[in-house]
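Report on the structure given below.
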Amino acid sequence: AVADNAFVLNDIVEWQDTQFRPRDLTGNPPPDPHVGPDIPSRMMERCDSVIHSMYREWSHEGAAERAQSFAPLLHEVQRLLPVTTPTEAYRYRVAVPGCGLGRLPVEICALGYTTQANEYSVYMLLATNYMLNCPLEPLGLCIRPWLHVSSNVVSNADVLESCAIPDQSSSDILEDGPWAHLPEDEDEKEGKGAREGRMFLPRFSFAAGDFCSIYGGAEMQGQWDAVVTCFFIDTAPNVLEYIDVIHSMLRPGGVWINV
């Protein structure tokens with residue numbers, strides 16, 4: 001059971017070697033990841049959070065939790081910013097700060113919205129890059145999300161319960177969207193971006209870093225039709241600053257949708 005989780009976490013790290021390998025400015029060989037001081041317990045807890053998020057966002061078993069948290073947000077996006085024709089597809093811009101492992105922004109984009117995900121935690125960022133960009137086979141990985149959980153345990157079988165991820169690849173979700181067949185071309189760049197006085201964005205993008213630092217600048221003011229947050233506000237050192245940034249980044253008539 002421990003080996004299952006260790007395999008996934010090691011695979012996440014090895015995948016970064018092809019994506020985010022740090023530049024060697026010293027000429028020294030990279031450090032051995034298996035040699036060094038013991039990992040603090042708080043670091044292990046963050047690894048557990050990554051495994052739990054994989055279960056919640058990218059497994060069949062997590063569908064019930066997604067139905068309670070993601071589904072209301074998706075419903076409200078479609079109600080408040082309806083996309084019913086090809087000319088409306090990808091016109092609206094939606095920012096999703098605190099996106100976890102990226103399932104929510106992927107599903108929003110699949111519905112026909114230009115979507116930008118944002119995450120600050122380096123643990124989540126590495127795992128999100130893995131889940132969104134690594135060519136994973138559906139149900140190809142086994143995780144044990146409750147291995148280090150001591151509450152709500154009736155028997156050893158509860159702790160050892162496994163699940164397979166991902167239930168769907170991110171590319172499959174995007175390709176199955178109702179407007180995915182529409183080509184991306186210069187008309188989209190000019191018609192939905194520059195003509196409206198807004199910067200060009202691809203249909204799906206990712207901004208890594210602090211929410212206020214990225215979205216609090218003048219270049220982001222009035223750029224977004226919606227901000228969608230799912231259990232994000234409680235991460236704010238100053239909740240009023242988050243609210244100010246959300247207000248400034250929305251266009252007149254824009255909406256903030258939150259659970």
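- Considering every non-hydrogen atom in both F232 and T229, the closest pair reads CD2-CG2, 3.6 Å.
- Residues V2 and V159 share a hydrophobic cluster, clusters being chains of Ile/Leu/Val/Met/Phe/Trp/Tyr side chains in contact below 4.5 Å.
- Here the straight-line distance linking atom OG of S162 with atom CG of L147 works out to 11.0 Å at 0.5 Å rounding.
- Open room surrounds CG on N156; 12 or fewer heavy atoms of other groups in view lie less than 6.0 Å from it.
- Interatomic distance, CG of L201 versus CD of Q223, reported as 7.5 Å (0.5 Å rounding).
- Remark: side-chain polar atoms of E119 are not paired, donor with acceptor, to backbone N or O of M124 under 3.5 angstrom.
- Side chains of I108 and F70 form no contact here, defined as non-hydrogen atoms less than 4.5 Å apart.
- Between S69 and E65, the side chains place no donor N or O within less than 3.5 Å of an acceptor N or O (distance only, hydrogens not considered).
- Cluster membership check: V227 shares its hydrophobic cluster with V239, using side-chain heavy-atom separations under 4.5 Å among Ile, Leu, Val, Met, Phe, Trp and Tyr.
- Without hydrogens or angle criteria, Y113 side chain to A226 main chain gives no donor-acceptor distance under 3.5 Å.
- Minimum interatomic distance between L182 and P86 (heavy atoms only, all atoms of both residues): CD1-O, 3.9 Å.
- Judged purely by atom type and a 3.5 angstrom limit, E57 has no side-chain atom pairing as donor or acceptor with the backbone of L104.
- Looking at R66, its side chain does come within 3.5 Å of a backbone N or O of S59 through a donor-acceptor pair.
- No option in L141, I51, L136 other than L141 meets the side chain to side chain contact (heavy atoms under 4.5 Å, CB included) test with I165.
- A side-chain donor-acceptor contact under 3.5 Å links E88 to the backbone of T84.
- Tested against T114 for a side chain to side chain contact (heavy atoms under 4.5 Å, CB included), the candidates Y90, F204, W224, F200 yield a single pass: Y90.
- Heavy-atom minimum distance, V8 versus C142: CG2-O, 3.8 Å.
- Put simply, I143 and V153 are part of two different groups of oily side chains (I, L, V, M, F, W, Y) that touch within less than 4.5 Å, one to the next.
- Residues V245 and I243 are members of one and the same hydrophobic cluster, defined by side-chain heavy-atom contacts under 4.5 angstrom among Ile, Leu, Val, Met, Phe, Trp and Tyr.
- How far CE of M44 is from CG of L9: 8.0 Å, rounded to the nearest 0.5 Å.
- Of all non-hydrogen atoms in P105 and T115, the two that sit nearest each other are O-CG2, 3.6 Å.
- Counting heavy-atom neighbours within 6.0 Å of E137 CD, excluding the residue itself, gives a total of 12 or less.
- Side chain of T128 to main chain of G100: a donor-acceptor pair is present (N/O by atom type, distance under 3.5 Å, no hydrogens or angles).
- A donor atom on one side chain and an acceptor atom on the other are not found under 3.5 Å apart for S49 and R46.
- Of the listed residues (N133, L125, N129), just one forms a side chain to side chain contact (heavy atoms under 4.5 Å, CB included) with F206, and that residue is L125.
- The aromatic rings of W15 and Y130 sit perpendicular to each other, their planes meeting at more than 60°, with 30° as the lower class boundary.
- Remark: the backbone N or O of G209 is paired with a side-chain donor or acceptor of N118 at under 3.5 angstrom.
- In terms of hydrophobic clustering, with Ile, Leu, Val, Met, Phe, Trp and Tyr side chains grouped at heavy-atom distances under 4.5 Å, V122 and M43 are assigned to a common cluster.
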Next on the checklist: Please determine whether side-chain hydrogen bond (donor to acceptor under 3.5 Å, both in side chains) holds for the pair Y215 and Q116, giving the CA-CA distance in whole Å, both sets of side-chain angles, and the decisive distance to 0.1 Å.
Outcome noted: CA-CA 11 Å; Y215 296 101; Q116 185 169 93; 2.7 Å; yes

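- A donor-acceptor pair is defined here as one N or O able to donate and one able to accept, closer than 3.5 Å; no such pair exists between the side chain of N10 and the backbone of F7.
- At distances below 3.5 Å, not a single donor-acceptor pair connects side-chain atoms of D172 with backbone N or O atoms of Q168.
- Within a 6.0 Å sphere centred on CG of D176, other residues, nucleotides and ligands contribute more than 12 heavy atoms.
- Side-chain contact check for S151 versus V149: some heavy-atom pair is nearer than 4.5 Å.
- Side-chain atoms of R144 come within 3.5 Å of backbone N or O of L160 as a donor-acceptor pair.
- Across all their heavy atoms, L250 and W256 have their closest contact at CD1-N, 4.1 Å.
- In the displayed structure, Y120 atom OH is contacted under 6.0 Å by at most 12 heavy atoms of other residues, nucleotides or ligands.
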Next on the checklist: With side-chain hydrogen bond (donor to acceptor under 3.5 Å, both in side chains) as the criterion, how do S248 and Q221 come out once you've worked through the C-alpha distance, each side chain's angles and the decisive distance to 0.1 Å?
Outcome noted: CA-CA 5 Å; S248 71; Q221 291 184 4; 5.2 Å; no

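- The heavy-atom pair separating G112 from W179 by the smallest distance is CA-CD1, 3.7 Å.
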